[in-house]
Enquirer: 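Encoded as structure tokens, here's the structure I'll be asking about.
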Amino acid sequence: MSHSQSNPLSGREKNLKSISGKYLKEFGSLGKLRKVHFGYFTGSAGFLETHLDGISQLLTIPPRRTTDDKWCYKNMVRLFGVCHKDVADEVGTANWQEAKEEMTQPRDSASGVPVEKSLQKLSEIFPEASFFACSDIECQGFTDRATECRPGDVFVARCSDYDDGHEHIATAVAMGASGVVAERMVPTHGVPLCVVSDTSWAWARLAHAMEGLRGRDLRVIAVTGTSGKTSTVWLTASILAEAGLRVGVISDLGCVDAFSSVPEGDRITDPRLLASWLRRLEKSGCSHAVVEVSSELLAKHALAGVTCDTVAVTNLGRAHLDLHGTDTAYHAVKERILEAAAADGALVVNSDDPRSQRLVERYKNECTGNVFTSGLQSKATVSATAVERTLAGQTLLLRCDGVMMPVSLDVPVTSTARNAVLSAAIATRYRVPAEKIARGIESIGSIAGRISRCDRGQDFTVFVDRPSNGHSLASTLASLGRLSHGRLLVLVEEGLADQLGGKEQFVSRASRWSEQTMIVPPGIASENPTDQDLQAYAFLDKELSQLHAGDCVLVLGTVPPINSGPFDPEHDFMPLEAVVNGWLELAHEPVAEWGGYRRAA
């Protein structure tokens, strides 16, 4: 391949070729200097000649950046790994050192905590693994993205439904990987290989070993289940905080450590992010961490290497078949949480759910810890009876530790009561007094992103929710259907209806409890509405205008982030909650203060 005479490195080709030849001889054809393909170094700003088995390959510079050689220096650091005098003299010592520092500085973890330098032997992390071309591999950094591999990193060939990491091993080796973790024998061109049975498990185990907890002072409370996980997590955190404990939270709504009060970050879907957040909670001084563990995380073995002081299961239903395939596979994934349970810890389950009994039996066979139960309909460690339940809220009579305590909840659905009782059972495991449990439940009010009340002075009742699956939706609709003395109107965003099984299936399910179900198009509040959008808003306005006291509206759709500001009406998409909220504010203007009607004496 030829190149232009105006190329900025053309005058240095001979020297670069000589230097790369020296390194080829020093490291060998199967050493650190590897074959570099065009796709690996996209956006390059310089030429780099490399040799492999005596063959010279020339990489082309994109014409858009012909004066910046910084990229070239970085990748020479990737290939050579050390600052050699010949290389430094050729490209400039200052530029070389700058690139080397940038390429070798410690990474920050995804939670924002700087990664602590540590050296781990893979034989200690994976005692049953097989090693080839070495007796062991020392790991000081790791990645599952071949193009982001740095010199000295261990590359983990993770497999997913969409990609096979084994196909990218050659790229990782070219980028300077010092070791490879794989599920089978693969060519690594002399780079040490560690073979494990499951690279997804190995990734999670390595993440917790390298970036996770360092001691046993942080008590991890893992909460899983088909529905109610998020609510149970925050209710539990509120109760424990009321008892004076330093509590951290990791949930789909964000994460909170001992120094923060507003959730940070997005939903956690990767074990490495979970590990870094656990480490952050530990460093901030938290005594307890309440962690929401989804079936997606359990399928990725996210708790591999974590010992949970308490494991709590809200319920086991039918959900996420698109991810797990069958009910049996889904429940098997959920049961993985018991693998992380401490032998002398505790299991907390909802005794009203008959499927939980299987978990209890397995836990008793494998662990020596205690089992705590919660229930509304059955005898349990912590139970509750609904004294009053209307659309305005509900009052429970909570029974725990031989004490009966009234608890008021703003949301009247049965699932909210079950979540509150389960969180009370978790708190009982830590000997929290009944009065503090009651205060902790009542102080939290509604949980952002979950079912909550929308009150703008209207006569009818409005609730907003974002169900994650059909199981939680059915529970909410059943409760509101029983409590509504008038009409139950369901308004759902088109996108959410598609996620919950499709429009036709959603309407069919909702019609069991509601008198009217309306699927709202995304452009209902657009500045450039279509005829469909105008018709939808006209129908929405008509339905809301006909509601009276005793009627109920359930709004299902996108829940605004906790730190989000006001919505811009010029955007094509506005959450349905904002549309309904705006309609209520316009239709129910606040009454003037009583002082304005006083007559002069």
Enquirer: Between Arg355 and Leu316, is there a donor-acceptor pair closer than 3.5 Å when you use the side chain of the first and the backbone of the second?
Expert: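 A pair under 3.5 Å: yes.
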Enquirer: Measure across Asp153 and Thr143 and return the closest heavy-atom pair with its distance rounded to 0.1 Å.
Expert: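 Taking Asp153 first and Thr143 second, the nearest heavy atoms are OD2-CG2, 4.3 Å.
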Enquirer: List the steps, then state whether side chain to side chain contact (heavy atoms under 4.5 Å, CB included) holds for Leu298 with Glu296.
Expert: CA-CA 5 Å; Leu298 288 173; Glu296 181 181 1; over 6 Å; no
Enquirer: With side chains defined as the heavy atoms from C-beta onward, is the minimum distance between Val249 and Pro263 less than 4.5 Å?
Expert: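 Not in contact.
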Enquirer: So, does Ser374 use its side chain to make a donor-acceptor pair with the main chain of Val382 at under 3.5 Å?
Expert: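 No.
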Enquirer: How about CG on Asp198, more than 12 heavy atoms from neighbouring residues, nucleotides or ligands closer than 6.0 Å, or not?
Expert: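 Atom CG in Asp198 is packed in, count exceeds 12.
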Enquirer: Would you kindly say whether Thr230 and Ser251 are connected by a side-chain donor-acceptor distance under 3.5 Å?
Expert: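 No, no side-chain donor-acceptor pair sits under 3.5 Å.
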Enquirer: Give me the atom names and distance for the closest heavy-atom approach of Leu297 to Asp270.
Expert: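 Scanning both residues completely, I find the closest heavy atoms to be CD2-N, 3.9 Å.
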Enquirer: Show your working on side chain to side chain contact (heavy atoms under 4.5 Å, CB included) between Leu480 and Leu477 and close with a plain yes or no.
Expert: CA-CA 5 Å; Leu480 295 181; Leu477 285 173; 5.8 Å; no
Enquirer: Considering only NZ, NE, NH1 and NH2 on the basic side and carboxylate oxygens on the acidic side, decide whether Arg509 and Glu504 come within less than 4.0 Å.
Expert: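 Looking at Arg509 and Glu504, the cut-off is not met.
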Enquirer: Does Val580 reach the side chain of Val553, with side-chain heavy atoms less than 4.5 Å apart?
Expert: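 Contact flag for Val580/Val553 side chains = no.
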Enquirer: So does Glu361 pair up with Lys364, basic N to acidic O under 4.0 Å?
Expert: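 Salt bridge between Glu361 and Lys364, a charged N being under 4.0 Å from a carboxylate O: no.
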Enquirer: Taking C-beta and beyond as the side chain, do Leu398 and Val407 meet within less than 4.5 Å on heavy atoms?
Expert: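 Yes; the side chains approach each other to less than 4.5 Å.
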Enquirer: Sub-3.5 Å donor-acceptor pair from the side chain of Thr310 to the main-chain atoms of Ala346, do we have one?
Expert: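 It does not hold such a pair.
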Enquirer: Would you say Thr385 and Arg399 are linked by a side-chain donor-acceptor pair, where the criterion is simply a distance under 3.5 Å?
Expert: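 Their side chains do contain a donor-acceptor pair, which is all the 3.5 Å distance test asks for.
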Enquirer: Please lay out, stage by stage, how Trp583 and Leu540 fare under the test side chain to side chain contact (heavy atoms under 4.5 Å, CB included).
Expert: CA-CA 10 Å; Trp583 188 96; Leu540 175 66; 5.8 Å; no
Enquirer: With no hydrogens and no angle check, is any side-chain donor or acceptor of Arg358 less than 3.5 Å from a backbone partner on Glu335?
Expert: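 Not a single qualifying donor-acceptor pair exists.
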Enquirer: Would you name the heavy atoms of Ala417 and Arg389 that are closest together and state the gap between them?
Expert: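 So the two residues come closest at CB-NH2, 4.0 Å.
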Enquirer: Does the pair Leu489 and Thr517 meet the rule for a side chain to side chain contact (heavy atoms under 4.5 Å, CB included), with working shown?
Expert: CA-CA 6 Å; Leu489 173 63; Thr517 301; over 6 Å; no
Enquirer: Compare every heavy atom of Val348 with every heavy atom of Ala425, then report the nearest pair and how far apart it is.
Expert: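 The answer is CB-CG1, 3.7 Å.
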Enquirer: Do Thr226 and Thr314 have a side chain donor and acceptor closer than 3.5 Å?
Expert: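 No donor-acceptor contact under 3.5 Å links the two side chains.
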Enquirer: Hey, mind stepping through Arg429 and Asp309 against salt bridge (charged side-chain N to carboxylate O under 4.0 Å, His left out) and telling me if it holds?
Expert: CA-CA 10 Å; Arg429 182 260 191 280; Asp309 187 61; 3.3 Å; yes
Enquirer: Rounded to the nearest 0.5 Å, what separation is found between the CG atom of Leu281 and the OG atom of Ser260?
Expert: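 Answer for the CG-OG pair, Leu281 versus Ser260, is 8.0 Å.
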Enquirer: Verify the neighbour count for atom CZ of Arg145: are there more than 12 heavy atoms of other residues, nucleotides or ligands below 6.0 Å?
Expert: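 No, because the 6.0 Å sphere around CZ of Arg145 holds 12 heavy atoms or fewer from other groups.
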Enquirer: Nearest 0.5 angstrom please: Leu240 CG to Ser287 OG, how far?
Expert: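 Rounded to the nearest 0.5 Å, the CG-OG separation comes out at 8.0 Å.
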Enquirer: How are the rings of Tyr430 and His288 set to each other: parallel, tilted or perpendicular (split at 30° and 60°)?
Expert: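 The arrangement is perpendicular - the two ring planes meet at more than 60°.
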Enquirer: What is the minimum heavy-atom distance between Ser294 and Arg267, and which atoms define it?
Expert: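 Distance-wise, the nearest heavy atoms are OG-NH2, 4.1 Å.
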Enquirer: Could you tell me whether a side-chain N or O of Glu292 sits under 3.5 Å from a main-chain N or O of Asp252, the two making a donor and an acceptor?
Expert: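 Answer holds: yes.
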Enquirer: Can you give me the closest heavy-atom contact between Ile451 and Val413, atom names plus distance?
Expert: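 For Ile451 and Val413, the tightest heavy-atom pair comes out as CD1-CG1, 4.0 Å.
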Enquirer: Whether the Lys334 and Ser295 side chains hold a donor-acceptor pair (N or O, under 3.5 Å, no angle test) is what I'd like checked.
Expert: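 There is no such pair between these side chains.
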Enquirer: Once rounded to the nearest 0.5 Å, what's the spacing between atom OG of Ser508 and atom NZ of Lys503?
Expert: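 Atom-to-atom, Ser508:OG and Lys503:NZ are 15.0 Å apart.
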Enquirer: Using a strict threshold of under 4.0 Å (side-chain N to carboxylate O), is an ion pair present between Arg439 and Glu242?
Expert: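 Arg439 and Glu242: salt-bridged.
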Enquirer: Are side-chain heavy atoms of Ile437 and Thr428 found at a separation under 4.5 Å?
Expert: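 The answer is yes; the side chains approach within 4.5 Å.
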Enquirer: Under 6.0 Å from the six-membered ring centre of Phe142 and within 45° of its axis: does the NZ or CZ of Arg272 meet both?
Expert: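 Yes, a cation-pi geometry.
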Enquirer: Would you check if the side chain of Asn469 reaches a backbone N or O of Ser472 as a donor-acceptor pair within less than 3.5 Å?
Expert: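 Flag set: sc Asn469 to bb Ser472 pair under 3.5 Å.
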Enquirer: Answer yes or no: is there an ion pair linking Asp465 with Arg450, defined by an N-O contact shorter than 4.0 Å?
Expert: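 Judged by the 4.0 Å cut-off on N to carboxylate O distance, Asp465 and Arg450 do not form a salt bridge.
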Enquirer: So, do Gln394 and Glu388 sit near enough that their side-chain heavy atoms are less than 4.5 Å apart?
Expert: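 Of all side-chain heavy-atom pairs linking Glu388 with Gln394, none is under 4.5 Å.
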Enquirer: Return the CG to OG1 distance between Leu213 and Thr307, rounded to the nearest 0.5 Å.
Expert: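 The OG1 atom of Thr307 is 9.0 Å from CG of Leu213, to the nearest 0.5 Å.
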Enquirer: Do Arg279 and Glu211 sit within salt-bridge range, that is, some charged N less than 4.0 Å from a carboxylate O?
Expert: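 No.
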Enquirer: Just how far is it from atom OG of Ser231 to atom CZ of Arg418, taken to the nearest 0.5 Å?
Expert: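 It comes to 13.5 Å.
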Enquirer: Counting distance only, does the side-chain N/O of Ser484 pair as donor-acceptor with the main-chain N or O of Gly481 below 3.5 Å?
Expert: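 Absent.
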Enquirer: Would you say Lys229's side chain and Gly225's backbone share a donor-acceptor pair under 3.5 angstrom?
Expert: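 Yes: the side chain of Lys229 pairs with the backbone of Gly225.
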Enquirer: Any chance the side chains of His471 and Ser227 put a donor and an acceptor closer than 3.5 Å?
Expert: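 The answer is yes; a qualifying pair exists.
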Enquirer: Kindly indicate whether the side chain of Glu282, heavy atoms from C-beta on, has any atom under 4.5 Å from the side chain of Asp217.
Expert: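 With C-beta onward as the side chain, the pair stays apart.
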Enquirer: Side chains of Arg246 and Phe259, heavy atoms from C-beta outward: is any pair under 4.5 Å?
Expert: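 Answer yes - side chains close enough.
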Enquirer: Keeping Glu148 on the side-chain end and Asp144 on the backbone end, is there a donor-acceptor pair under 3.5 Å?
Expert: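 Side chain of Glu148 to backbone of Asp144, a donor-acceptor pair under 3.5 Å: no, none is there.
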Enquirer: Do Ser423 and Thr232 have side-chain N/O donor and acceptor atoms under 3.5 Å apart?
Expert: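 No, Thr232 and Ser423 have no side-chain donor paired with an acceptor closer than 3.5 Å.
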Enquirer: Decide salt bridge (charged side-chain N to carboxylate O under 4.0 Å, His left out) for Asp257 and Arg280; before the verdict, give the C-alpha distance in whole Å, the side-chain angles of both, and the deciding distance to 0.1 Å.
Expert: CA-CA 7 Å; Asp257 61 17; Arg280 174 169 170 176; 2.9 Å; yes
Enquirer: What distance separates Gln377 CD from Asp352 CG, expressed to the nearest 0.5 Å?
Expert: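 Here the interatomic distance stands at 4.5 Å.
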Enquirer: Less than 4.5 Å apart, any side-chain heavy atom of Leu409 and any of Ile441?
Expert: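 Yes; the side chains approach each other to less than 4.5 Å.
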Enquirer: Is Arg214 reaching over with its side chain to a backbone N or O of Gly212, donor-acceptor style, under 3.5 angstrom?
Expert: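 Judged by distance alone, yes, a pair lies under 3.5 Å.
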